[in-house]
There are 2 protein chains.
Amino acid sequence: MEQLKLENQICFPFYAISRLITRAYQPHLESLGITYPQFLVLLVLWEKDGQTVNQIADKLILNTNTITPLLKRMEQLELVSREKSKEDERKVMVNLTRKGQKMQVEAACIPDELLTKLAGKDIQREDLSEMKNQLNHWIALIK
Amino acid sequence: MEQLKLENQICFPFYAISRLITRAYQPHLESLGITYPQFLVLLVLWEKDGQTVNQIADKLILNTNTITPLLKRMEQLELVSREKSKEDERKVMVNLTRKGQKMQVEAACIPDELLTKLAGKDIQREDLSEMKNQLNHWIALIK
DNA sequence: TTTAATTATATCGCTTACGATATAATTTCT
DNA sequence: AGAAATTATATCGTAAGCGATATAATTAAA
């Protein structure tokens, strides 16, 4: 059954690379005391502080049952605060704490460090950039 | 900080697409009573039955602490059997059961069904095939 | 041939990830 | 206004995924 060979699947490389990337980030994030999904939440909030749970979930394409406990752990780490919106009490506003804001400075170099490491393995920035655009296009189509 | 925008990350689209693919497979696999990682294990065993835990882990780029409980659950589902190798008692041989073998027939159409669905969203097989090759190349480089 | 190192797998603890379901606040409908 | 529907978030249960560590079998070294 040729169509069932692992080698012929498009799904597997995405699954594998996703995990390999998380592994590659891990040592860099460990020194900050955060995980990869927590880093993604920070990326969203650094770009625009003060977003609702749903806004963050939408951007990361995650469900609230994933993001709620994640945000609670980040609250424990004192990276974010969560409080009900005054206008609409169903909404929970998530804000960066001072600590969460400051972490941006330390994190700023991480993406570049990883790109440099990949360049050493003959994976160039232009290739990654092209790939990124292609993938973002597909995500928009299938989301 | 331009380099920290979610939009500019290459890591995020991989993370997102990987989960979107798992979600896309889910309804197809649900009727078989298996999960996406379990499906990947079956792909590996359908290709070559009777492999050790490590051989399967290597092919899926997973650690034994992920694959061992996964295989145990598949044993519960009576999809595979696990028994110590006679030559080397440290090794555990994983074999498909009759049920695990038979499932290949029902699963054979799934990849094609998903490709057809993607074609409807303007994602063509040639593009995916090219992407697959590119990604497999990268995996080999960074693994 | 004991001892030490290596190999193969498993266990533990914690963090995602998500389907199903619950709860409370807000809107919409009648 | 009061009931019904919708929206926003949370809770529960289960399955990954992985670092750290443990255990047993095999191999290498002294």
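All chains are named by letter (A, B, ...) in the order of the sequence lines, taking the proteins before the strands, and each is independently numbered beginning at 1.
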task = Report the residues that fulfil salt bridge (Lys or Arg N to Asp or Glu O under 4.0 Å) with A/Arg82, sequence neighbours left out, ordered by chain and then residue number.
result = A/Glu75
Salt bridge (Lys or Arg N to Asp or Glu O under 4.0 Å) partners for A/Asp112, two or more places apart = A/Arg125
inquiry  = So, using salt bridge (Lys or Arg N to Asp or Glu O under 4.0 Å) as the criterion, who are the partners of A/Lys99 when residues are at least two apart?
reply    = none
Partner residues of A/Glu7 under the side-chain hydrogen bond (donor to acceptor under 3.5 Å, both in side chains) criterion, sequence neighbours left out = none
key: Side-chain touch A/Val80/A/Asn95, heavy atoms, less than 4.5 angstrom   = no
message = Taking any atom closer than 4.0 angstrom to a non-hydrogen atom of chain A, what span of DNA chain C does the protein reach, first nucleotide to last?
response = C/dT15 to C/dT26
key: Derivation of the side chain to side chain contact (heavy atoms under 4.5 Å, CB included) call for A/Ile110 and B/Gln3   = CA-CA 9 Å; A/Ile110 297 178; B/Gln3 75 272 26; over 6 Å; no
key: DNA chain C-proximal residues of residues 50-71 of chain B, any heavy atom under 4.0 Å   = B/Thr52, B/Val53, B/Asn54, B/Thr64, B/Asn65, B/Thr68
ask   = Quick one: side-chain hydrogen bond (donor to acceptor under 3.5 Å, both in side chains) partners of B/Glu106, sequence neighbours excluded?
value = none
ask   = Quick one: are B/Gln134 and A/Met131 in side-chain contact, heavy atoms under 4.5 Å?
value = yes
task = Determine whether the side chains of B/Gln9 and A/Lys132 contain a donor N or O and an acceptor N or O closer than 3.5 Å.
result = no
task = Could you identify which residues of residues 84-92 of chain B place a heavy atom less than 4.0 Å from some atom of DNA chain C, listed by residue number, or say none?
result = B/Arg90, B/Lys91, B/Val92
key: Partners passing side-chain hydrogen bond (donor to acceptor under 3.5 Å, both in side chains) against B/Asp88 (at least two apart in sequence or in another chain)   = B/Arg90
key: side-chain hydrogen bond (donor to acceptor under 3.5 Å, both in side chains) partners for A/Asn133, two or more places apart   = none
query = Contacts to DNA chain C from residues 16-32 of chain A, heavy-atom cutoff under 4.0 Å, which residues?
reply = none
ask   = Would you say D/dG17 has OP1 or OP2 under 4.0 Å from some side-chain N or O of A/Tyr15?
value = yes
ask   = Considering residues at least two apart in sequence or located in another chain, which fulfil the ring pair (Phe, Tyr, Trp, His ring centres under 6.0 Å) criterion with B/Tyr25?
value = B/Tyr36, B/Phe39
